[in-house]
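Read through the structure below, which is laid out as structure tokens, and then see the notes.
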Protein chains: 2
Amino acid sequence: MTETRWLSDDERTAWVRFTAVLELLPAALDLQLVTDEDLTHFEYFTLAMLSEAPGRILRTSALAARTNASLPRLSRVISRLESAGFVARSLCSEDRRATNVSLTEAGWAKVVAAAPGHVEAVRRFVIDALTAEQIEQLSVISAAMLKRLDPDSRMLASEA
Amino acid sequence: MTETRWLSDDERTAWVRFTAVLELLPAALDLQLVTDEDLTHFEYFTLAMLSEAPGRILRTSALAARTNASLPRLSRVISRLESAGFVARSLCSEDRRATNVSLTEAGWAKVVAAAPGHVEAVRRFVIDALTAEQIEQLSVISAAMLKRLDPDSRMLASEA
DNA sequence: AATCGATAGTTGCACCTACAAGCAATTGAT
DNA sequence: ATCAATTGCTTGTAGGTGCAACTATCGATT
């Protein structure tokens, strides 16, 4: 094994701060959605991805790719959203193993209702805390990290 | 309610990318530690915080503050680390409600063994993906977000 | 010193997620 | 046409975390 390259003081400071953000920000966003809309961030994100899909319908595995969720996880989340009336499952005619998940009217209404509060939280904790220049920097920096974290950009791709 | 201020295109791009990082990075760091060291990132962080404390000992609530954990969560994590032999509980002489948690020799050895791999992962996914200038930008940006997320900087403070 | 409220920590219960096993449908090779 | 391997999704089981309830102790007041 080669010698460990420890972090410099500047690197360490940046990392400690960034780690704190990684810990606190998701919790803060979740809290807003759970208290205001009774949705976890992941549930909201799932509904949001569906709402942006053409026809507001997606196959389960396509939705899993967009939300970076495992199939088992997504399957249960869909079940919950289904019993809340926000999504509906239907069979896929092309491949009878597959299931399509579609956003119901109630689900669409839920996204529309929840979006402003969520965006407001994103502004409060992130966007409005930064200058336009810093937002651009964050964008570039995030892209650089994503190249390492997700080389195939499965997370961002709208499906080839 | 006032009119929603939606995100501009640039803001939205930055946010989508940053969200992906928020989702992928913790999972990537966890994966390295779990597979290589059989420790969750939170367990590692707990041991690391203890290892940096004077005398490698801390009261449970002080440790909870440093790790941003609820007492119930930390209590159970300590129980696990204790049965693994990495930490030990002892009674606090000054306040008999409190418990001190100390790092054992085995716990210290575990941190020492795990640190290089973890730092290497941090480098691989974050530090080495960025220029020195970008690391400085990330540091400043994180600080700005933390001011909103954690106004009292409980997370970073080494306890007043 | 007796008491009431706050604090330190643990535990019961419910929920969410991961991993692995399972079932059904599809694809590819013979 | 048939069988084996793969794919799409669901479910059984185990483990981690949050919230609320609980015990024990401390501190302040009377």
Side-chain angles (χ1 to χ4, degrees), chain A residues 22-24 26-35 38-47 50 57-84 87-102 154 159, chain B residues 23-24 26-35 38-47 50 57-84 86-102 154 159:
Chain A
L22 247 30
E23 177 74 27
L24 297 174
L29 295 176
D30 253 314
L31 184 60
Q32 182 272 319
L33 281 168
V34 169
T35 61
D38 198 33
L39 284 179
T40 64
H41 182 263
F42 181 74
E43 287 167 343
Y44 171 78
F45 194 69
T46 301
L47 294 178
L50 264 182
I57 187 168
L58 236 32
R59 282 173 53 157
T60 301
S61 33
L63 187 54
R66 276 173 180 67
T67 56
N68 190 45
S70 65
L71 250 359
R73 180 184 183 187
L74 184 61
S75 178
R76 291 185 217 264
V77 170
I78 291 173
S79 296
R80 268 176 271 152
L81 292 174
E82 188 178 31
S83 58
V87 306
R89 282 191 238 238
S90 56
L91 281 74
C92 178
S93 48
E94 298 156 6
D95 184 339
R96 282 186 302 183
R97 292 170 300 180
T99 40
N100 289 323
V101 186
S102 58
R154 275 178 301 121
E159 202 78 355
Chain B
E23 178 73 29
L24 297 174
L29 295 175
D30 254 314
L31 184 61
Q32 183 272 321
L33 280 167
V34 169
T35 60
D38 197 34
L39 284 179
T40 65
H41 181 263
F42 182 74
E43 288 167 341
Y44 171 79
F45 194 69
T46 301
L47 294 179
L50 265 183
I57 188 168
L58 236 32
R59 281 172 55 154
T60 301
S61 32
L63 187 53
R66 275 172 180 65
T67 57
N68 191 44
S70 65
L71 249 359
R73 180 184 183 187
L74 185 60
S75 177
R76 286 172 160 124
V77 170
I78 290 173
S79 296
R80 270 175 269 151
L81 293 174
E82 189 178 30
S83 57
F86 296 145
V87 305
R89 282 192 239 238
S90 55
L91 280 75
C92 178
S93 48
E94 298 155 4
D95 185 339
R96 280 184 307 181
R97 291 169 302 180
T99 39
N100 289 322
V101 186
S102 57
R154 274 179 301 120
E159 202 78 355

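This structure is a prediction, so every number in the text was calculated from the model and none was measured.
Between A:F42 atom CZ and C:dT17 atom P the separation is 7 Å, expressed in whole Å. Taking atom CG on A:L31 and atom C1' on D:dC19, their separation rounds to 13 Å, with Å as the unit. The distance between atom CG of A:D95 and atom P of D:dC9, rounded to the nearest whole Å, is 8 Å. Straight-line distance from the CD atom of A:E82 to the P atom of D:dT11: 10 Å, rounded to whole Å. In this entry the distance linking CD1 of B:I78 with C1' of D:dT17 reads 15 Å, nearest Å. Across the protein-nucleic acid pair, B:H41 atom NE2 and D:dG16 atom P stand 17 Å apart, rounded to whole Å. For A:L58 and D:dC9, the CG to P distance is 10 Å, given to the nearest whole Å.
With C:dT10, C:dT17, D:dT17 as the choices, the nucleotide that has an atom nearest any side-chain atom of B:T60 turns out to be C:dT10. Closest contact between the side chain of A:T99 and the listed nucleotides D:dT10, D:dT17, C:dG9 involves D:dT10. Distance from the side chain of B:S61 is smallest to C:dG9 among D:dG8, C:dG9, D:dG18. Among the nucleotides C:dG9, D:dC9, D:dC26, the one closest to the side chain of B:R96 is D:dC26. The nucleotide whose nearest atom lies closest to any side-chain atom of A:S70 is, among C:dA18, D:dT10, C:dT11, C:dA18. Checking D:dA20, C:dT17, C:dG9 against the side-chain heavy atoms of B:P72 singles out D:dA20 as nearest.
Residue-to-nucleotide contacts include a donor-acceptor pair under 3.5 Å from the side chain of B:R76 to the base of D:dG18. For C:dT26, the base has no donor-acceptor partner in the side chain of A:R97 [N/O atoms by modelled type, under 3.5 angstrom].
Counting non-hydrogen atoms of neighbouring residues, nucleotides and ligands closer than 6.0 angstrom, the CG atom of A:D95 exceeds 12 such neighbours.
OP1 or OP2 of D:dC9 has not a single side-chain nitrogen or oxygen of A:R73 nearer than 4.0 Å.
For the pair B:T40 and B:V77, the minimum side-chain heavy-atom distance is 4.5 Å or more. Side-chain atoms of A:F45 and B:E23, non-hydrogen and from C-beta on, never get closer than 4.5 Å to each other.
Residue order along DNA chain C, read from the 5' end via each residue's closest nucleotide, puts B:L71 first among B:L71 and A:E94.
Ring pair B:H41/B:Y44 is tilted by interplanar angle, where 30° to 60° counts as tilted.
Closest of all the heavy-atom pairs between A:C92 and A:R59 is SG-NH1, 4.1 Å.
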